[in-house]
Amino acid sequence: MVNTSSVELVVVPCLSDNYAFLVHNHDTNETALIDAPEAAPIAKVLADRRWALTDILITHHHNDHIDGVAALREGARVIGAAADAHRLPALDLAVAEGDVITVCGLPTHVIDVSGHTIGHIAFHMPGPAYAFTADSLMALGCGRLFEGTPAQMWQSLLKLRALPENTMICSGHEYTAANARFAASLDGAHPDLILRIEGIETARAAGEPTVPSTLLEEKRTNPFLRADIPEFKAVLGMAEASDEDVFAAVRAKKDKF
Ligand code: ZN
Ligand code: FE
């Protein structure tokens with residue numbers, strides 16, 4: 001049994017608005033990196049704490065998630081989607097939906113969350129309740145659909161929504177304030193949303209990240225997770241529409257917001 005109290009999560013701001021994440025197990029001295037937007041800020045955290053990377057987990061092929069891999073990978077096992085191996089840095093372990101791998105001594109489940117890209121995966125560590133969702137489910141948002149269809153992204157989000165509500169959603173960007181403005185434009189009278197936006201404004205004014213959030217917060221307030229909620233459909237004037245059509249309409253509005 002892994003003692004999850006000896007597992008630590010570090011959020012590493014990178015580039016202008018990206019996040020990388022480090023998971024460290026103090027019992028085994030293993031350290032995993034999830035996404036590598038750029039090497040320098042990650043290398044600095046590793047040096048300050050005298051941690052060495054044992055694993056690098058890649059969520060998807062976009063440059064702002066992989067550009068730091070080459071400079072950081074020595075001694076580490078690089079893990080990514082088999083389906084995307086042709087456009088990822090060379091993989092030491094290629095994974096697919098349903099695989100359960102061991103990272104930092106922790107069972108880690110691979111979930112296909114295609115939509116933003118085809119081949120985007122998320123990593124779920126049930127022990128410490130972390131989900132690394134990058135540009136799929138984001139704080140009050142979801143990734144733009146560059147490759148997948150709205151129906152694909154909706155199915156991906158439903159998989160993530162089914163995780164335990166205490167799961168910490170470790171997403172890939174600090175887009176939350178803009179996402180909040182959009183959410184408020186749709187459903188500005190929603191009490192949970194009003195409260196959450198106050199918290200977001202306080203955090204950003206103090207220069208603090210709004211990531212990770214909890215899945216419970218996202219279920220209550222993220223418009224992209226609420227496309228099948230009758231009250232939300234009614235607010236949008238889409239009471240009779242299918243869940244997928246509501247999701248597609250919300251995503252289309254966000255693209256133009
Ligand atoms: Zn991306
Ligand atoms: Fe990204």
Side-chain angles (χ1 to χ4, degrees), residues 9-23 32-42 56-73 78-89 91 94-97 110-124 130-157 159-160 168-182 200 204 209-213 218 222 224-225 247 250-252 254-257:
L9 176 72
V10 181
V11 181
V12 187
C14 294
L15 304 173
S16 59
D17 58 30
N18 277 78
Y19 289 123
F21 300 91
L22 289 165
V23 175
L33 168 69
I34 298 85
D35 281 345
E38 61 175 334
I42 297 163
I56 299 175
L57 281 57
I58 302 171
T59 60
H60 68 295
H61 77 281
H62 285 158
N63 289 342
D64 64 311
H65 297 258
I66 64 172
D67 273 356
V69 170
L72 294 165
R73 68 178 298 157
V78 177
I79 302 169
D84 258 354
H86 61 285
R87 54 183 184 175
L88 294 174
L91 300 178
V95 297
E97 162 108 348
V110 178
I111 306 171
D112 181 295
V113 290
S114 289
H116 176 69
T117 66
I118 304 294
H120 192 314
I121 54 176
F123 298 96
H124 176 223
Y130 303 151
F132 300 95
T133 59
D135 299 355
S136 59
L137 176 59
M138 309 180 86
L140 271 184
C142 77
R144 192 178 274 266
L145 301 178
F146 287 113
E147 297 178 7
T149 63
Q152 272 173 317
M153 182 61 110
W154 175 240
Q155 290 307 316
S156 295
L157 294 183
K159 289 187 230 175
L160 295 170
M168 295 169 75
I169 302 299
C170 302
S171 52
H173 293 267
E174 183 61 59
Y175 290 162
T176 318
N179 290 343
R181 285 192 288 279
F182 173 68
I200 290 163
R204 294 311 293 153
T210 61
V211 173
S213 55
E218 299 306 331
N222 186 323
F224 298 99
L225 283 190
F247 175 81
V250 173
R251 187 59 254 178
K254 177 66 166 65
D255 290 343
K256 291 187 216 90
F257 186 71

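Values below: every heavy atom of this structure, side chains too, minus hydrogens, waters and symmetry copies. What you see is a predicted model, and the numbers here were worked out from it, not measured in a lab. Whatever order the structure lists ligands and atoms in, that order sets their numbers, starting from 1.
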Just by distance, no angles: are the side chains of His62 and His116 close enough, under 3.5 Å, to form a donor-acceptor pair?
yes
Under 3.5 Å side-chain donor-acceptor pair for His60 and Asp135:
yes
I'd like to know if the side chain of Ser156 reaches the main chain of Ser114, judged simply by a donor and an acceptor atom lying under 3.5 Å from each other, with no hydrogens or angles considered.
yes
Could you tell me whether the side chain of Asp35 and the main chain of Thr59 form a donor-acceptor pair under 3.5 Å?
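Judged by distance alone, yes, a pair lies under 3.5 Å.
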Would you say the Zn ion (ligand 1) has [X] as a near neighbour, meaning an N/O/S atom of that residue under 2.8 Å away?
X	value
His65	no
His120	no
Asp135	yes

Heavy-atom closest pair, residues Leu9 and Pro212:
CD2-CG, 4.3 Å
Which atom of Asp64 approaches the Fe ion (ligand 2) most closely (N/O/S):
OD2
If you check every N/O/S atom of Asp135, which is the one nearest the Fe ion (ligand 2)?
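Nearest N/O/S atom of Asp135: OD2.
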So, is His62 placed with an N/O/S atom under 2.8 Å from the Fe ion (ligand 2), counting both backbone and side chain?
no
Taking both backbone and side-chain atoms into account, decide whether His60 has an N/O/S atom under 2.8 Å from the Fe ion (ligand 2).
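Not a single backbone or side-chain N, O or S atom of His60 is under 2.8 Å from the Fe ion (ligand 2).
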Looking only at N, O or S atoms, find the one in His62 nearest to the Zn ion (ligand 1) and name it.
ND1
